[in-house]
Structures are given as C-alpha cells and as structure tokens.
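Along the sequence shown, residues carry numbers from 1.
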Amino acid sequence: MTGNGYATASRKRILDFLKQSSDRTVTAAEIGSYLKENDSEVNITTIYRYLDKLEREGTVLKYVAEKGNQAVYQYVEIGHRCEEHLHLKCMECGRIIHLECSFMEEIAEHIEKDHGFLLQCKNSILYGTCEECGKKKGKD
C-alpha cells in the first residue's frame, strides 16, 4: 500500500466489512476475498497489521480456539464491554451471541463461591451449534 489516501480507503473498506459482519466472526482471508471482489486487493500482511491495530484499540475482538487454528475477528460496538461477559460461537456459521443476561452473573458468582475460581470473561467464548444451524443439520 502506498500513499496515505490508498491506505485510508483500504482501511475504511476493511472496517466497513467488519461492521457489516458484526454478528459473526471473520478471518483475514475472508476480508482479503471481500476486498478483492470489490476491486481493492490488499496484501494479507497489511490486513493482519490493521486487525492487530484494531484489536489493540478494542474495535475488534480476536478469537483463537486452539493452537494452530486460524484466528477470527469480530467488530465490537463502542461501549459494548465484551470483556465483561461470556460469548457463544456457532462452529457452523460463525455467529456470536453475547451472554449479557443476569443468569451469567449468577454462574460467575457460583464458580467463585463454590469452586474458588474467579472468572475473568475477557474474550471468553463457548463453542457449539446455534439453533438455526442445528435445524439445518437435522434436515440433512
């Protein structure tokens, strides 16, 4: 990427894609494909650098399920306080559900009181299959 205008336009497109996909996680490769399809091809290293910057700023959350697995990213609205609650991620479609209900607070209190373990939710995610994908699987 050369010149500030080009970098700014590419970054804007990346951020726009992340915002459009905020209900699920995306990979750097998906972002690259989106940019290529929209006549704005960007080097994958540049995409990762920008994602790292957005993560440091708190604009995106980065999830890595296991060592060696590809990282995925999700746009976070300002003030959403994702570090304060758990998340569910569908392993089929990538959809993220934010568990901001009071029941999760009860679980955290139970874990601390009965198991002596202070729960820290920063980027904590539970994996499974959402209801919609489960219904689709049942039809196969």
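Here the NZ-SG distance, from Lys136 to Cys130, works out to 7.5 Å after rounding to the nearest 0.5 Å. Taken from OG1 in Thr46 to CZ in Arg49, the straight-line distance is 5.0 Å, to the nearest 0.5 Å. Leu18 CG to Leu15 CG: the interatomic distance, rounded to the nearest 0.5 Å, is 6.0 Å. The OH atom of Tyr48 lies 12.5 Å from the CD atom of Glu55; values are rounded to the nearest 0.5 Å. Annotation: the span from Ile14 atom CD1 to Tyr75 atom OH amounts to 14.5 Å, rounded to 0.5 Å.
The two atoms that bring Cys90 and Cys93 nearest to each other are SG-N, 3.5 Å, heavy atoms only.
Applying the side-chain contact (heavy atoms from CB on, under 4.5 Å) rule to Glu109 yields no partners; only residues at least two apart in sequence or on another chain are considered. Applying the side-chain contact (heavy atoms from CB on, under 4.5 Å) rule to Asp23 yields no partners; only residues at least two apart in sequence or on another chain are considered. By the side-chain contact (heavy atoms from CB on, under 4.5 Å) test, Glu57 pairs with Lys53, Leu54, Thr59, sequence neighbours left out. Scanning for ring-ring contact (aromatic ring centres under 6.0 Å, His included) contacts around Tyr50 gives an empty result, with sequence neighbours left out.
We find that Asp16 and Lys12 are joined by a salt bridge, their nearest charged nitrogen and carboxylate oxygen being less than 4.0 Å apart.
Between His115 and His110 the shortest side-chain heavy-atom distance falls below 4.5 Å. A 4.5 Å side-chain heavy-atom check between Glu41 and Leu35 finds every atom pair outside the cut-off.
Counting heavy atoms of neighbouring residues, nucleotides and ligands inside a 6.0 Å radius, atom CD of Glu92 exceeds 12 of them. Remark: Asp114 CG is packed, more than 12 non-hydrogen atoms of other residues, nucleotides or ligands lying under 6.0 Å away.
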Determine all donor-acceptor pairs shorter than 3.5 Å in which one atom belongs to a side chain in residues 24-33; sequence neighbours excluded.
{"residue": "Thr25", "atom": "OG1", "partner": "Lys89", "partner atom": "NZ", "Å": "3.3"}
{"residue": "Thr27", "atom": "OG1", "partner": "Ala29", "partner atom": "N", "Å": "3.4"}
{"residue": "Thr27", "atom": "OG1", "partner": "Glu30", "partner atom": "N", "Å": "3.0"}
{"residue": "Thr27", "atom": "OG1", "partner": "Glu30", "partner atom": "OE1", "Å": "3.4"}
{"residue": "Glu30", "atom": "OE1", "partner": "Thr27", "partner atom": "N", "Å": "2.7"}
{"residue": "Ser33", "atom": "OG", "partner": "Ala29", "partner atom": "O", "Å": "3.2"}

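Counting only distance, with no hydrogens or angles, the side chain of Ser22 and the backbone of Lys19 share a donor-acceptor pair below 3.5 Å.
Within the structure, the ring pair (Phe, Tyr, Trp, His ring centres under 6.0 Å) test picks out the following pairs touching residues 26-47 (sequence neighbours left out): Phe17-Tyr34.
A side-chain donor-acceptor contact under 3.5 Å links Thr45 and Asn43.
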